Amino acid sequence: MYQPPGNPPPYGGTPPPFGGTPPPFTPTPPPRKSKLPAMLMVLLGVVVVFVVLIAVLITVLDDGDERPTVLPPPQQQQQQQDPQQQSSTPADPVVTGGFGPTYVGTWRGEVIQTKPTTGRYVVTVVIPQNSTTGQITYENEPGAASTWSCSGTVEFLHHTPGADYKSVVRENITNKNNAKCDTYSYDVLFPKPDNTGALTDGMFIKNYFSESVADADDDHNAIGELKRQS
């Protein structure tokens with residue numbers, strides 16, 4: 001049998017200790033949190049406060065700065081007002097609750113009726129100044145076979161939706177002399193565009209059964225042109 005050299009320890013013997021006693025376990029400390037986000041938040045808050053203070057200061061200074069109102073020269077003010085007065089549209093100024101100045105006067109002329117029956121008669125309209133109510137009279141034409149008349153009032157209601165120089169009025173006939181005039185009806189009155197205040201001025205009258213039809217200014221019962229008498 002082969003005998004190894006030397007005198008080795010018997011197989012299975014206890015080996016010498018390796019490296020001695022191990023050091024005690026020391027846990028690793030957690031990583032430190034950065035203070036940069038907190039510093040950025042503080043800096044942002046300071047900026048916001050600074051901006052707010054600037055805005056308040058500007059507002060206070062503006063309020064305390066009294067600036068005089070600068071008006072254009074009188075000639076320029078007149079030029080700014082003239083375009084409305086020089087408008088090519090012959091529209092009467094919109095008057096709340098009354099007739100405009102171009103309606104004032106006594107108007108008379110022939111009116112032709114087309115429905116419900118046909119006929120001709122003379123209409124006279126009198127509109128006082130600064131008024132909401134005028135007078136209207138119907139009478140037979142000169143030389144007619146019979147004599148009749150009816151009269152009452154015309155009350156200003158409003159301008160037509162399509163043209164502010166046309167006025168919708170309500171007739172209220174209170175006196176009937178041998179005539180069968182409707183007690184209530186509606187008219188559209190409007191002076192001619194070329195009126196100058198002379199006796200040659202004209203004003204159109206159109207009669208309707210209802211206010212809604214008069215507002216539409218269509219499908220009239222009668223129509224005529226009245227001439228200024230005064």
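This structure is a prediction, so every number in the text was calculated from the model and none was measured.
Panel note: side chain Lys176, backbone Ser149; no donor-acceptor pair is recorded below 3.5 Å. Formation of a donor-acceptor pair under 3.5 Å by the Thr174 side chain with backbone atoms of Gly152 is not found in this model. Side-chain atoms of Asn172 never come within 3.5 Å of backbone atoms of Tyr184 as a donor-acceptor pair (strictly under, hydrogens ignored). Without hydrogens or angle criteria, Asp201 side chain to Gly197 main chain gives a donor-acceptor distance under 3.5 Å. Side-chain atoms of Arg228 come within 3.5 Å of backbone atoms of Val104 as a donor-acceptor pair (strictly under, hydrogens ignored).
A salt bridge links Asp217 to Lys206: at least one charged side-chain nitrogen sits closer than 4.0 Å to a carboxylate oxygen. Ion pairing of Glu139 with Arg108 is present here, as a side-chain N (NZ or NE/NH1/NH2) and a carboxylate O approach within less than 4.0 Å. Contact check on Arg170 versus Glu155 returns a salt bridge, with a Lys/Arg side-chain nitrogen under 4.0 Å from an Asp/Glu carboxylate oxygen.
Cluster annotation: Val111 is connected to Val213 through the hydrophobic network of ILVMFWY side chains, with a link wherever side-chain heavy atoms come within less than 4.5 Å. Criterion: ILVMFWY side-chain heavy atoms under 4.5 Å apart, direct or through other members. Under it, Leu157 and Val126 are not part of a common hydrophobic cluster.
For the pair Val154 and Asp187, the tightest heavy-atom approach, listed with the atom from each and the gap, is CG1-OD2, 4.2 Å. The shortest non-hydrogen separation linking Val188 to Tyr208 is CG2-CE1, 3.6 Å. When all heavy atoms of Cys150 and Ile173 are compared, the closest pair comes out as CB-CG2, 3.9 Å. Minimum heavy-atom separation, Pro161 to Asp215: CD-O, 3.4 Å. Contact between Cys181 and Trp148 at its shortest, heavy atoms only, is SG-CZ3, 4.2 Å. The two atoms that bring Gly109 and Leu226 nearest to each other are N-CD2, 3.5 Å, heavy atoms only.
Listed by chain and residue number, Phe190 satisfy the ring-ring contact (aromatic ring centres under 6.0 Å, His included) test with Phe204 (two or more places apart in sequence, or in another chain). Under the side-chain contact (heavy atoms from CB on, under 4.5 Å) criterion, Ser230 pairs with Thr106, not counting sequence neighbours.
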### Task
Please test Gln113 against His220 for side-chain hydrogen bond (donor to acceptor under 3.5 Å, both in side chains), starting from the C-alpha separation and ending with a verdict.
CA-CA 9 Å; Gln113 181 173 306; His220 53 265; over 6 Å; no
### Task
Take Tyr103 and Ser167 through the side-chain hydrogen bond (donor to acceptor under 3.5 Å, both in side chains) test and state the conclusion after the steps.
CA-CA 10 Å; Tyr103 288 82; Ser167 296; 3.0 Å; yes
### Query
What's the verdict on side-chain contact (heavy atoms from CB on, under 4.5 Å) for Asp182 and Phe209, showing C-alpha distance, side-chain angles and the deciding distance?
CA-CA 9 Å; Asp182 293 330; Phe209 285 132; 4.0 Å; yes
### Query
So Tyr138 and Tyr121, ring pair (Phe, Tyr, Trp, His ring centres under 6.0 Å) or not? Walk me through it.
CA-CA 7 Å; Tyr138 291 88; Tyr121 40 82; 5.5 Å; yes
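With values rounded to the nearest 0.5 angstrom, Thr200 atom OG1 is found 7.5 Å from Asp194 atom CG. To the nearest 0.5 Å, the span separating CD1 on Ile136 from CD1 on Ile127 amounts to 9.5 Å. In this structure, OG1 in Thr133 is found 7.0 Å from CZ in Phe99, a value given to the nearest 0.5 Å. Taking CE from Met203 and CD1 from Ile205, the interatomic distance works out to 7.0 Å, rounded to the nearest 0.5 Å. Atoms OG1 and CD1, on Thr118 and Ile112 in that order, are 10.5 Å from each other to the nearest 0.5 Å. Here CG of Asn175 is found 10.0 Å from OG1 of Thr153. Values are rounded to the nearest 0.5 Å.
Between Lys192 and Glu225 the shortest side-chain heavy-atom distance falls below 4.5 Å.
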